[in-house]
Amino acid sequence: MTLANGSNDSVARQAAQPSIFDVLIIGAGFSGLYQLFCLRDRLGLSVQVLEAADGVGGTWYWNRYPGARCDSESHSYCYTFSKELLRDWDWTERYPAQPEILRYLNHVADRFDLRRSIRFGTRVSAAAYDDDANLWRVTTERGERLGAKFLITAVGCLSTANVPKIPGLQSFRGRWVHTGEWPHEGVDFRGKRVGQIGTGSTGIQSAPVIAETAGHLTVFQRTANYSVPARNAPLTPEFKRYVKANFSEIQRLMDGNPNGHPWVIEERLVFDVSPEEREALYEAAWRTGGLRFRATFRDLVVNKAANDTAAQFIRDKIREIVKDPATAAILSDFDHPYAAKRPPIDTDYFETFNRENVTLVDLRATPIETITPAGIRTSNAEYPLDIIVFATGFDALTGPLLRIDIRGRDGLALAEVWRAGPRNYLGLQVAGFPNLFTITGPGSPSVLCNMPVAIEQHVEWITDCIGHMRAQGLERIEAQPEAMDSWVERVNAAANATLLPLATHSWYLGANVPGKPRVFMPYAGGMAQYRRTCEEVAASGYRGFALSR
Ligand code: NA7
């Protein structure tokens with residue numbers, strides 16, 4: 001072990017461990033934990049996980065903001081690889097809150113004895129492929145150096161906080177926080193003047209909870225966002241029993257749903273039914289709540305006229321709920337189709353604007369000009385604040401990978417290959433970067449899918465691939481440039497067959513980060529289709545990859 005800057009203690013601890021492994025995994029969230037289990041305990045490889053945080057959990061370790069909760073229903077937001085785990089774990093609510101998901105992932109880490117293979121507090125800064133040794137050489141921020149034949153990134157899609165560069169932030173005399181890097185001790189909003197920038201899924205979850213204790217909450221909205229009630233509630237004993245008794249049926253539903261959710265998307269089209277019937281169906285879906293709303297009709301995300309009917313329904317609901325017509329108009333002034341950006345679900349979001357202590361500011365009409373020592377100044381007014389909450393999202397998908405200096409064959413930088421947007425094969429491998437796998441990388445369904453479903457599929461595919469290589473005595477696998485080119489075309493075509501690219505400011509397109517290339521990043525062709533393609537590629541002897549000894 002070579003260490004540049006370690007304490008004596010850490011030098012002694014790490015000297016006892018080998019520095020060369022079969023596999024290095026970056027990240028100990030949902031992906032990294034399962035990948036570790038598969039490679040260490042199923043294939044018997046030497047595996048080391050490197051994790052920046054002091055605990056497992058990834059996204060759920062960092063996102064501790066008020067109201068943080070998963071939008072997938074709990075009975076489908078879990079690993080399915082272990083029947084015993086499924087049998088023993090009980091979720092308490094329809095949508096699990098952050099502390100419960102973190103407890104679950106800690107339970108998994110303990111149950112499968114994963115911690116002994118994870119080095120916490122270790123952020124990877126660089127990884128370079130050494131062609132002669134067929135080894136990935138990894139450097140951490142503390143200067144530790146490790147090596148492995150395979151490098152697997154399990155860094156998550158939404159783990160690089162995006163704090164917009166608003167002039168004057170450094171001068172702010174109050175406190176500011178980003179939802180994705182929330183202080184573990186929490187933030188006390190009692191009696192405080194709070195400004196929240198951002199009304200994505202996160203802001204829509206946090207605003208109602210912050211408003212409960214804040215002296216005053218000012219929500220700064222740039223783009224009006226759709227939201228459907230989540231209808232969160234404790235799970236009944238009957239439902240819990242139903243899930244345990246019927247999990248294979250639930251899994252069948254998840255496997256058949258393009259987004260990995262446990263329900264069927266209706267076959268009917270919006271204009272197959274009368275306006276009255278349509279209204280009644282939307283009303284029923286609104287009462288049921290959650291992302292199921294999108295499954296009311298088959299053509300909601302592919303036909304603009306069909307989508308307009310859902311948009312109008314939600315607009316009417318907002319106008320019904322929010323008492324002040326001017327506020328309701330700002331909240332419902334949509335400029336993109338429903339679900340073309342990630343559709344939030346909420347608990348009393350729109351109702352929050354009926355509170356005396358909540359104000360909405362329309363940034364389209366009056367943009368933020370600067371942050372002052374006292375608060376936020378828009379083109380129209382200055383808002384004095386004690387705390388600013390940035391619910392401003394992430395440098396999604398590529399951000400977590402590109403903040404590591406990843407270099408493939410001959411020093412080729414991933415940042416260079418992806419200068420005009422991410423390019424890879426199946427979202428799993430990049431030509432010029434042998435033996436590097438990117439779990440839920442751009443170009444795979446990832447964020448368009450219930451994440452654990454996408455993660456399990458990737459982890460199992462990678463495990464089978466490495467198992468196959470070992471059985472055949474193969475040492476290297478590398479995506480072929482032509483395969484990469486045609487996959488990029490397929491990712492683009494899949495997106496263009498939907499309404500998703502019409503939300504020109506979405507993070508799916510990288511549009512939320514100034515200077516980031518505008519390329520639709522996730523694969524929108526559906527999880528089932530993607531899974532079939534990956535299976536066919538493996539069955540054909542890994543078509544599109546070069547495998548060598
Ligand atoms: P999102 O969905 O990227 O939302 C970020 C919000 O912050 C959104 O309303 C943005 O407005 C707003 N934003 C970003 N930058 C600015 C600036 N500079 N000024 C004003 N407003 C800004 O992130 P979330 O954390 O809510 O959700 C991310 C995913 O996590 C979510 O989709 C789930 O998959 C889980 P914009 O719409 O860009 O105008």
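Position 1 is the first residue of the sequence, and the numbers go up from there. Please read all numbers here as calculations on a predicted model, not as lab measurements. Each ligand, and each atom within it, is numbered from 1 in the order the structure gives.
The proximity of Gln221 to ligand 1, defined as any non-hydrogen pair under 4.0 Å, does not occur for either the backbone or the side chain. When non-hydrogen atoms are compared, ligand 1 lies under 4.0 Å from neither the backbone nor the side chain of Ala396. Here Phe220 has no heavy atoms under 4.0 Å from ligand 1, in either its backbone or its side chain. If you look at Ile204 next to ligand 1, there are no close heavy atoms at all, none under 4.0 Å. Contact annotation for Pro164 and ligand 1: only side-chain heavy atoms (C-beta onward) come within less than 4.0 Å of the ligand. By the criterion of a heavy-atom distance under 4.0 Å, both the backbone and the side chain of Thr223 are placed next to ligand 1.
A centroid separation of less than 6.0 Å is found between the aromatic rings of Tyr383 and Phe220. Here Tyr65 and Phe390 keep their ring centres 6.0 angstrom or further from each other. Residues His336 and Tyr226 bring their aromatic ring centres within 6.0 Å. Less than 6.0 angstrom separates the ring centroid of Tyr523 from the ring centroid of Trp487. The ring of Tyr95 has its center no closer than 6.0 angstrom to the ring center of Tyr77. Trp89 has its ring centre less than 6.0 Å from the ring centre of Tyr104.
From the protein, the heavy atom lying nearest to atom 19 (N) of ligand 1 is Arg222 NH1, 3.7 Å. With respect to atom 6 (C) of ligand 1, the closest heavy atom belonging to the protein is Ala391 O, 3.3 Å. When hydrogens are left out, the protein atom nearest atom 37 (O) of ligand 1 is Lys341 NZ, 2.6 Å; that is the closest non-hydrogen contact. Remark: minimum distance from atom 23 (O) of ligand 1 to any protein heavy atom is reached at Gly393 CA, 3.1 Å. For atom 25 (O) of ligand 1, the nearest protein heavy atom (residue, atom name, distance) is Thr202 OG1, 2.6 Å. Of the protein's non-hydrogen atoms, the one nearest atom 12 (C) of ligand 1 is Gly198 CA, 3.6 Å. For atom 21 (N) of ligand 1, the closest non-hydrogen atom on the protein side is Ile197 CG2, 3.5 Å. For atom 35 (C) of ligand 1, the nearest non-hydrogen atom of the protein is Leu158 CD1, 3.9 Å.
Between Asn162 and ligand 1, a contact under 3.5 Å exists for no N or O pair. Considering backbone and side-chain atoms alike, Thr179 places every N or O at 3.5 Å or more from each N or O of ligand 1.
Applying the side chain to side chain donor-acceptor pair (under 3.5 Å) criterion to Thr59, with sequence neighbours excluded, gives no partner residue.
The nearest pair of heavy atoms linking Leu33 to Leu105 is CD1-O, 3.9 Å. Counting all heavy atoms, side chain and backbone alike, Pro344 lies closest to Asp71 at CA-OD2, 4.5 Å.
Using a 4.0 Å cut-off to heavy atoms of Leu363, the atoms of ligand 1 that qualify are 20 (C). Near Phe394, meaning under 4.0 Å from any of its heavy atoms, are these atoms of ligand 1: 25 (O). Atoms of ligand 1 found under 4.0 Å from any heavy atom of Thr199 (numbered from 1 in listed order, with element): 6 (C), 8 (C), 9 (O).
Checking each of Asp316, Thr296, Thr309 against Tyr282 for a side-chain hydrogen bond (donor to acceptor under 3.5 Å, both in side chains) leaves exactly one that passes, namely Thr309.
Contact annotation: Val447 has no heavy atom less than 4.0 Å from any atom of ligand 1. Distances from ligand 1 to the non-hydrogen atoms of Ile368 include no value under 4.0 Å.
Around atom 13 (N) of ligand 1, the closest heavy atom drawn from Val513, Val163, Thr392 belongs to Thr392.
Judged by a 6.0 Å distance limit and a 45° cone about the ring axis, Arg64 is positioned over the six-membered ring of Tyr61.
Under 3.5 Å, the side chains of Gln251 and Asp255 contain no donor-acceptor pair of N or O atoms. Looking only at atom types and distance, the side chain of Arg69 has no donor-acceptor partner in the side chain of Thr347 under 3.5 Å away.
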